[in-house]
Amino acid sequence: MERLNEIETSIVTLGNEDLLDLADIYKSEPRTPLGEIAFAEMARRGISL
């Protein structure tokens, strides 16, 4: 669980451009857990690909 929290924190602290790059990598369906975290953070920030 600690590692997952570290991963989530590292995604949340990315700048918008880096977050968009990450989301672009993981945009395929079905989304992976990393993609889900990235897209949730994008939604929170109100940005999209």
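Predicted model only: the values in this text are computed from it and were never measured.
Shown here are the side chain to side chain contact (heavy atoms under 4.5 Å, CB included) partners of D21, two or more places apart in sequence or in another chain: D18.
Crowding of F39 atom CZ: a count of heavy atoms from other residues, nucleotides or ligands under 6.0 Å exceeding 12. For E2, the CD atom is loosely surrounded, since the number of other residues' heavy atoms within 6.0 Å does not exceed 12.
Listed by first and then second residue, the side-chain hydrogen bond (donor to acceptor under 3.5 Å, both in side chains) pairs that reach into residues 4-13 are R3-E6, sequence neighbours excluded. Note on residues 31-49: pairs passing side-chain hydrogen bond (donor to acceptor under 3.5 Å, both in side chains), not counting sequence neighbours, are N16-R45, E41-R44, E41-R45.
Listed here is the closest heavy atom pair of L20 and L49: O-CD2, 3.4 Å.
In this structure the side chain of L34 never reaches within 4.5 angstrom of the side chain of L22, judged on heavy atoms.
Note on I47 and I25: same hydrophobic cluster, where clusters join Ile, Leu, Val, Met, Phe, Trp and Tyr whose side-chain heavy atoms are under 4.5 Å apart, directly or indirectly.
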